[in-house]
Asks: 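Before we start, here is the structure in question, set down as C-alpha cells.
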Protein chains: 2
Amino acid sequence: MEVTKVENQHVKVQEKINDVFDSSHSLSACCPIKDILGRFGDKWSIYAILMLGREEKLRFNELKSMIDGISQRMLTVTLRSLEEDGLVSRKIYPEIPPKVEYRLTELGQGLLLQLLQLADWAKLNLHEILEARKSFAER
Amino acid sequence: MEVTKVENQHVKVQEKINDVFDSSHSLSACCPIKDILGRFGDKWSIYAILMLGREEKLRFNELKSMIDGISQRMLTVTLRSLEEDGLVSRKIYPEIPPKVEYRLTELGQGLLLQLLQLADWAKLNLHEILEARKSFAER
DNA sequence: GTTTTGAGTTACTAAAAGTAACCTAGTATT
DNA sequence: AATACTAGGTTACTTTTAGTAACTCAAAAC
C-alpha cells in the first residue's frame, strides 16, 4: 500500500519532468524554469523583489539603502531587467531632482509568492544542508 | 469584503518576507532563499537535478550525454557542489575503468519537487513575460 | 604497441558582475 | 557668487566567475 503510493508519486514526478522539456526542443536552450530562474538567479534581483513586496512602492534611493551593499549601477541594472520582464513597473515624475517610483506588477507579486514558498522549503531544510556541507568539508 | 481579503493576504505576505530576513542578521549575507538559490541558480545544476529525477541513478557519462552542451569540467563542478550540499550522492566502484553512480538524496528529491512547482508557475506565466519583454524592446 | 574507456584535472580564456568616478540641473546654504 | 546637496542615473575600468581544450590514469581489447 505504502509502496504503491510512493511509486505513483514517482511516476507523477517523472511526468512533470517530461513536461518541463516538452515546451522546448533543445534542452539547453529555453525550458521555462531556466527562463524564470534567469530572472532571479542573480545576486540582487531577489532582494529587490522582496523589498518591493514589503513596501509596495519605493524610490530608487530607498531601495538602495534597504539593499545592503548594492551599488547604484547594480541597482539600475537589476531594476531594468525586472522591468524588462514585466515584474516591476517604473513611474517617472518629471521633476527636478528626479523622482521615480518602483513597484511590483501583478506578475511580480505572483513570482514573489513562488519565492516565498521556496523560502519555506529552504528554512525547513537549511539545517540539513549545512550539516551536509560540514561533513563534506571534513573529508 | 473582497478588499479585506486582499489586505489580509498582503499582510501575510509581509510577515513571510520578514521571516525570510529573521534568520540572518545581515541582509546580503545569507537569508535561506539566497542559500538555496545559490545551489541551482547557476547554469547546469537544474539540468542535473531534473535528469537524476528522471532516472534515479546515473553514471557520469550518462549524465553528460543527457545534458546537451555541458563540458566534463562543468559537470564535475556541478555534481560536486550538489554533493557538497547533500542533494546528490556519489557511489564509487573501485574498478578500472572507473565507475561512479550519482543519485538524488531525499533532500535532493525535495528540492526537485520545489523546482517542479516553480516550473508550473513559469509555464503559466511565460507568455506574459515574453510579451513584456517584447514591448520593452520596442521602446 | 596503439587505441579505447570512464571519470575526472590543469591551465588557460571569454564573459559577467561589480566598482569608482562622473553627469544633470535645479535648490538651499554661507 | 561659490559650494554643497539631491535623485537617478551613465561611462570606463577592474575583478571574479563561468566555461573550454587539452591532458591524465590504469587496465583491457585489438
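Labels below follow one simple rule: chain letters A, B, ... track the order of the sequence lines, proteins then strands, and each chain is numbered from 1.
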Asks: Under a 4.0 Å N-O cut-off, is there an ion pair linking B:Glu101 with B:Arg103?
Replies: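 So B:Glu101 pairs with B:Arg103 through a salt bridge.
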
Asks: In terms of heavy-atom contacts, does CD of A:Glu62 have more than 12 from other residues, nucleotides or ligands at under 6.0 Å?
Replies: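 For A:Glu62, atom CD is crowded (more than 12 foreign heavy atoms under 6.0 Å).
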
Asks: Would you give the length of the straight line joining atom CD of B:Glu131 to atom NE2 of B:His127, rounded to the nearest 0.5 angstrom?
Replies: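 The CD atom of B:Glu131 sits 4.5 Å away from the NE2 atom of B:His127.
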
Asks: Indicate, with a heavy-atom threshold strictly under 4.0 Å, whether B:Lys99 touches base, sugar-phosphate, or nothing.
Replies: sugar-phosphate

Asks: Once you round it to whole Å, what is the distance between C1' of D:dG8 and CZ of A:Arg59?
Replies: 9 Å

Asks: Taking atom P of C:dG8 as reference, at what distance in whole Å does atom CD of B:Glu101 sit?
Replies: 12 Å

Asks: In whole Å, I'd like the distance from the CG atom of B:Asn61 to the C1' atom of C:dG8.
Replies: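 About 10 Å, once rounded to whole Å.
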
Asks: Output the rounded distance in Å from CZ (B:Arg90) to P (C:dG6).
Replies: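 Spelled out: CZ on B:Arg90 to P on C:dG6 is 16 Å.
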
Asks: With sugar-phosphate meaning primed atoms plus P, OP1 and OP2, does B:Tyr93 contact a base, only sugar-phosphate, or nothing at under 4.0 Å between heavy atoms?
Replies: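 Nothing, no heavy atom under 4.0 Å.
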
Asks: Summarise protein proximity over nucleotides 19-30 of chain C in one line of letters, 5' to 3': B for base, S for sugar-phosphate only, - for none, counting protein heavy atoms closer than 4.0 Å.
Replies: B-----SS----

Asks: Nearest whole Å is fine: how far is D:dG8 P from A:Leu75 CG?
Replies: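 So the CG-P distance, A:Leu75 to D:dG8, works out to 10 Å.
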
Asks: Please say which of A:Leu50, A:Val88, A:Thr78 ends up in a side chain to side chain contact (heavy atoms under 4.5 Å, CB included) with A:Ser45.
Replies: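 That would be A:Thr78; it is the only one of A:Leu50, A:Val88, A:Thr78 passing the side chain to side chain contact (heavy atoms under 4.5 Å, CB included) with A:Ser45.
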
Asks: Do other residues, nucleotides or ligands put more than 12 heavy atoms under 6.0 Å from B:Lys99 NZ?
Replies: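 Enclosed: over 12 neighbouring heavy atoms sit under 6.0 Å from NZ of B:Lys99.
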
Asks: Rounded to whole angstroms, how far apart are CZ on A:Arg80 and P on D:dG8?
Replies: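 So the two atoms are 11 Å apart, to the nearest Å.
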
